[in-house]
Enquirer: 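I am attaching a structure below and will ask some questions about it afterwards.
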Amino acid sequence: MQKSHWIGEVQSGMHDGKEVELKGWVHRTRGSNKIHFIVLRDSTGTIQCVAKRDALGDDSFEDLKSSLIETSIILKGMVNVDERAPGGHEIIVSSAEVVGPVNPEKPFPITESAMENADGGETEFLLDNRHLYLRTGRMTNMLKIRSSVFGAVHSYFREREFTEYHAPSFVAGAVEGGSTLFEVPYFGRKVYLTQSWQLYAEAAMPALERLYTVAPSFRAEKSRTRRHLTEFWHAEMEIAWAGNAEVMEHGEGLVRHIARTLLDERSDELASVGRDLDLVARYADSPYPRMRYDEAVETLQGLGVDIEWGQDLDYSKEKVLTQDFEVPHFLTHYPRIAKPFYHRPDPDDEKYVLCHDLLAPEGYGEIIGGGERTWSEKEILERIDEEGTPREPYEFYIDVRRYGGVPHGGFGLGIERVCSWLSGADHIREVIPFPRDSRRVTP
RNA sequence: GCCGCUUUAGCUUAGCUGGUGGAGCAUGGGACUGUUAAUCCCAAGGUCGCCGGUUCGAACCCGGCAAGCGGCGCCA
């Protein structure tokens, strides 16, 4: 049953002049009563297959002629080099077998017109037919790009002696604000879906010292923007004996490594989805500047933006701030009052915390949030109390600090935000197969 | 939680001041021996999102509802 030949190989010239057997799906067809052209697709590409009535016989020829788009077929034939064929290669079909036919009364619904004005495929129709839309060229490219981003996250951390470590998805307490938690019934109790691996990672920090994960996180935000999902994949790291600056080094290193990996592995796919490769190369090669929160506020005030010191930077302000940025920038040292308890106050000036956000250019916004953790028992209790957060759900977190607390920190990176930004997608939904947002959970 | 927009055939859509809805693609039939989103001819396919109102008459005007989409706050 396994495949002996792949369309990508044939298009690369590997089988010129030889007989091959191709298994795939009908992408397009055209032709006449005597000669028929089938553009066959598999996961590696497409190729034109030429079927002639003379050579095939009436039965096989009629089978092929009536094969609608997305019919699965097995074709045998010679590989012919021909300028008239897209990609320069074609198959002169000698035999054909239909494996899975398509009913003409219910043809494949995703037509050229369905994608015409979709611009990334985000019409209601295409979202409803997501299970079929996945096999179209744009989605296939996006899924391959996504796969390389995951691969790059793993290779970055593993090459640097980080250990992959896993946290539960059912949790009792919140990381971010409680309003964004998904409540789940749990044998008569209520638990929540995790928003972040971080608190559990900190518990393992004294064991592993350098750890990372890639896992889904869940946030019940009703946000309807091109940057939000309720279920997203979260790459997170935690490192012992490190401060804000060292953690940031890794954030920059990781993002640049992802960009470099995409250039190495997915240039064709990036170009196919319309991405300017020079931009991706710039993001891989250029250093990312650091900017303190105070500087950002002054810059914004200079631009006439209405902002006061102490306010968090919302997207509208981020957008103004980043509009002239040519590479991602780190924003550091936010006011203590704007950030949750686990951020460590800056010993040099306790008005600030040792934290950083990485803001992507081109309006894609925040892709990393991280910083140094509050690591002493005394300080964490102060921070929890000043925030008015109940201590009970965090007992285990506080306990970690009672037995040899050390300076440490980490960050979280939104995989889909990075995929979306580096691929130049119009919407975060384009880079995940079955997107989940506040209104859509099907298909 | 808030603001805005959309809904006409399987898909993409046209439809002017209210007077019985047109097209392209897809599908079916036919023609065609090198097509490139093939082309040409023909056919079938619509309770114009749902409910109510105004009117002699509503896809169109008014009200309500629903679904979807875009955005804000918050965040990765």
Side-chain angles (χ1 to χ4, degrees), chain A residues 27-39 46 48-55 61 66 68-70 80 82-87 90 92 102-119 122-129 132-133 175-180 195-198 216-236 251 255 311-319 338-340 357-360 364-370 411-421 426-429 437-440 442:
Chain A
H27 182 241
R28 293 282 178 275
T29 66
R30 47 187 174 263
S32 71
N33 200 28
K34 301 277 172 55
I35 183 168
H36 207 66
F37 299 90
I38 289 159
V39 180
T46 59
Q48 171 166 288
C49 303
V50 187
K52 295 178 179 173
R53 188 185 283 276
D54 292 353
F61 186 82
S66 61
L68 301 183
I69 287 172
E70 291 306 314
N80 186 37
D82 194 312
E83 283 181 358
R84 292 171 296 183
E90 64 183 15
I92 309 299
V102 171
N103 180 358
E105 286 172 20
K106 230 174 160 359
F108 191 67
I110 311 223
T111 58
E112 292 287 342
S113 62
M115 294 187 286
E116 212 166 79
N117 300 328
D119 216 18
E122 304 307 327
T123 62
E124 179 181 1
F125 173 75
L126 290 175
L127 287 166
D128 286 343
N129 287 280
L132 302 178
Y133 186 57
V175 178
E176 311 293 344
S179 60
T180 65
Q195 298 171 302
S196 168
W197 162 95
Q198 180 195 325
S217 284
F218 305 88
R219 306 232 172 133
E221 289 159 353
K222 285 183 179 165
S223 313
R224 301 188 47 75
T225 77
R226 64 192 62 221
R227 308 178 307 284
H228 285 86
L229 294 166
T230 52
E231 177 180 5
F232 68 97
W233 285 75
H234 210 172
E236 295 181 86
V255 173
Q311 270 184 287
D312 210 348
L313 296 180
D314 60 42
Y315 180 67
S316 63
K317 297 179 183 77
E318 254 179 36
K319 210 170 158 183
K339 290 286 179 181
D357 285 354
L358 182 63
L359 306 182
Y364 285 94
E366 187 177 340
I367 55 176
I368 278 181
F411 67 80
L413 169 148
I415 295 273
E416 284 81 13
R417 286 198 179 168
V418 168
C419 290
S420 182
W421 163 55
D426 294 321
H427 199 292
I428 197 165
R429 275 194 306 242
D437 65 32
S438 61
R439 294 200 194 152
R440 181 175 286 278
T442 57

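Here is how names work: the chains are called A, B, and so on, in the same order as the sequence lines, proteins then strands, and each is numbered from 1.
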Enquirer: How far, in whole Å, is rG19(B) from rC61(B) if one measures between their C1' atoms?
Expert: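 rC61(B) and rG19(B) have their C1' atoms separated by 15 Å.
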Enquirer: Assign His228(A) to base, sugar-phosphate, or nothing according to its heavy-atom contacts below 4.0 angstrom with the strands shown.
Expert: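 The answer is base, as His228(A) lies within the cut-off (heavy atoms under 4.0 Å) of a base atom.
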Enquirer: Closest nucleotide of RNA chain B for His234(A) versus for Asn80(A): which of these residues is on the 5' side?
Expert: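 Result of the comparison: Asn80(A).
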Enquirer: Can a donor-acceptor pair under 3.5 Å be found between the side-chain atoms of Arg224(A) and the base atoms of rC3(B)?
Expert: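 When only heavy-atom distances are counted, Arg224(A) does not reach the base of rC3(B) through any donor-acceptor pair under 3.5 Å.
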Enquirer: With both distances under 3.5 Å as the test, what is the Watson-Crick or G-U wobble partner of rC72(B)?
Expert: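 When the pairing criteria are applied, rG1(B) turns out to be the nucleotide that pairs with rC72(B).
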Enquirer: Verify the contact: side-chain N or O of Arg440(A) to OP1 or OP2 of rC69(B), cut-off strictly under 4.0 Å; return yes or no.
Expert: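 It does, given that an N or O in the side chain of Arg440(A) lies less than 4.0 Å from OP1 or OP2 of rC69(B).
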Enquirer: Leu127(A) versus Glu124(A): any side-chain heavy-atom pair under 4.5 Å?
Expert: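 The answer is no; the side chains never approach within 4.5 Å.
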Enquirer: Would you say rG70(B) has OP1 or OP2 under 4.0 Å from some side-chain N or O of Arg429(A)?
Expert: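 Indeed, a polar side-chain atom of Arg429(A) lies that close.
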Enquirer: In whole angstrom, give the distance that lies between atom CZ of Arg439(A) and atom P of rG70(B).
Expert: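 So the CZ-P distance, Arg439(A) to rG70(B), works out to 9 Å.
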Enquirer: Contact class for Lys106(A) (heavy atom, under 4.0 Å): base, sugar-phosphate, or nothing?
Expert: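 It contacts nothing in the nucleic acid.
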Enquirer: Mind checking the P distance from rG63(B) to rU6(B)? Whole angstroms is fine.
Expert: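 Rounded to whole Å, the distance is 14 Å.
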Enquirer: Is there a side-chain contact between Ser196(A) and His234(A) in this structure, where contact means two heavy atoms from C-beta onward sitting under 4.5 Å apart?
Expert: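 Yes - at least one pair of side-chain heavy atoms lies under 4.5 Å apart.
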Enquirer: Any stacking of Tyr315(A) on rG73(B), going by centres under 5.5 angstrom and planes within less than 30 degrees?
Expert: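 No, aromatic ring not over the base.
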Enquirer: Without decimals, in angstroms, what is the distance between Ile368(A) CD1 and rC75(B) P?
Expert: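 Checked: the CD1 to P distance equals 17 Å.
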Enquirer: Just to be sure I understand the rule, does Phe37(A) reach a base, reach only the sugar-phosphate, or reach nothing, if contact means heavy atoms closer than 4.0 Å?
Expert: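 Here Phe37(A) touches the bases of the nucleic acid.
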Enquirer: Give me the distances for all protein-to-nucleotides 31-33 of chain B N/O pairs that come in under 3.5 Å?
Expert:
residue: rC32(B); atom: N4; partner: Asn33(A); partner atom: N; Å: 3.4
residue: rU33(B); atom: O4; partner: Asp54(A); partner atom: OD2; Å: 3.0

Enquirer: Just how far, in rounded Å, is P of rC69(B) from NZ of Lys222(A)?
Expert: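 About 16 Å, once rounded to whole Å.
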Enquirer: If we take the P atom in both rA43(B) and rG24(B), what is their distance in whole Å?
Expert: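 Roughly 12 Å separates the two P atoms.
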Enquirer: Provide the distance between the two C1' atoms, one in rG28(B) and one in rG4(B), to the nearest whole Å.
Expert: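 Pairwise C1' distance, rG28(B) against rG4(B), rounds to 43 Å.
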Enquirer: With a 4.0 Å cut-off on heavy atoms, is Glu90(A) in touch with a base, just the backbone sugar-phosphate, or nothing at all?
Expert: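 Since a base atom lies under 4.0 Å of Glu90(A), the category is base.
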Enquirer: Do Arg440(A) and Asp437(A) meet the salt-bridge criterion of a basic N to acidic O distance under 4.0 Å?
Expert: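 No, no charged N to carboxylate O under 4.0 Å.
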Enquirer: Measuring only between side-chain heavy atoms, which start at C-beta, is Arg224(A) closer than 4.5 Å to Ser438(A)?
Expert: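 Side-chain contact under 4.5 Å: yes.
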Enquirer: Taking side chain as C-beta onward, heavy atoms only, is Trp197(A) less than 4.5 Å from Ser217(A)?
Expert: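 Side-chain contact under 4.5 Å: no.
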Enquirer: Checking all strands, does Ser217(A) fall into the base, sugar-phosphate, or nothing category for heavy-atom contacts under 4.0 angstrom?
Expert: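 No contact.
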Enquirer: Does the ring of Tyr364(A) carry Arg417(A) above it, NZ/CZ under 6.0 angstrom from centre and within 45° of its axis?
Expert: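 Not satisfied by the 6.0 Å and 45° rule.
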Enquirer: Measuring only between side-chain heavy atoms, which start at C-beta, is Phe61(A) closer than 4.5 Å to His36(A)?
Expert: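 They are in contact (side-chain heavy atoms under 4.5 Å apart), so the answer is yes.
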Enquirer: Would you say rA37(B) has OP1 or OP2 under 4.0 Å from some side-chain N or O of Arg28(A)?
Expert: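 No, outside the criterion.
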Enquirer: Could you check whether Arg226(A) gets within reach of a base, just the sugar-phosphate, or nothing at all, counting any heavy atom under 4.0 Å?
Expert: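 Arg226(A): backbone/sugar contact only, no base atoms under 4.0 Å.
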Enquirer: Have a look at Ile110(A) and say if it touches a base, only the backbone sugar-phosphate, or nothing, with a 4.0 Å heavy-atom cut-off.
Expert: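 Result for Ile110(A) = nothing.
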Enquirer: What is the separation between atom CD on Gln311(A) and atom P on rC75(B), rounded to the nearest whole Å?
Expert: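 One finds 12 Å between P of rC75(B) and CD of Gln311(A), rounded.
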Enquirer: Check whether any side-chain heavy atom of Glu416(A) sits under 4.5 Å from a side-chain heavy atom of Leu229(A), and report yes or no.
Expert: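 Heavy-atom side-chain distance check passes, below 4.5 Å.
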Enquirer: Determine the Euclidean distance between corresponding C1' atoms of rU17(B) and rU55(B); express it in Å to zero decimal places.
Expert: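 After rounding to an integer number of Å, I get 16 Å for this pair.
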Enquirer: Taking the C1' atom of each, how far is rG57(B) from rG73(B), in whole Å?
Expert: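 To the nearest whole Å, 48 Å.
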Enquirer: Do Val255(A) and Ile368(A) have side chains that approach each other closer than 4.5 Å (heavy atoms only, starting at C-beta)?
Expert: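 Answer yes - side chains close enough.
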Enquirer: Check the distance between rC75(B)'s C1' and Leu229(A)'s CG and give it to me in whole angstrom.
Expert: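 Whole-Å distance recorded here is 12 Å.
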Enquirer: Flag the pair Phe37(A) / Thr29(A) as yes when at least one side-chain heavy-atom distance between them is below 4.5 Å, and no otherwise.
Expert: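 The answer is no, as the side chains (C-beta and beyond) never meet within the 4.5 Å cut-off.
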Enquirer: With P as the reference atom in both, quote the distance from rC62(B) to rG18(B) in angstrom, rounded to an integer.
Expert: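 Each nucleotide's P atom is 11 Å from the other's.
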Enquirer: Might you list the N or O atoms of the protein lying below 3.5 Å from N or O atoms in nucleotides 23-30 of chain B, with each pair's distance?
Expert:
residue: rG24(B); atom: N2; partner: Ser113(A); partner atom: OG; Å: 3.4
residue: rU27(B); atom: O2'; partner: Pro104(A); partner atom: O; Å: 3.0

Enquirer: If you measure from the P atom in rC50(B) to the same atom in rU27(B), how many Å do you get, rounded?
Expert: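 Result for the P pair: 28 Å, nearest Å.
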Enquirer: Between atom CD in Glu231(A) and atom C1' in rC75(B), what is the gap in whole Å?
Expert: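 Taking CD of Glu231(A) and C1' of rC75(B), I get 16 Å after rounding.
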Enquirer: Where the side chain of Glu124(A) is concerned, which of rU35(B), rA76(B), rA67(B) is the nearest nucleotide?
Expert: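 Nearest nucleotide to the side chain: rA67(B).
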Enquirer: Can you see if the side chain of Arg227(A) gets near the phosphate of rA76(B) - specifically, an N or O under 4.0 Å from OP1 or OP2?
Expert: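 Checking rA76(B) against Arg227(A), no side-chain N or O comes under 4.0 Å of OP1 or OP2.
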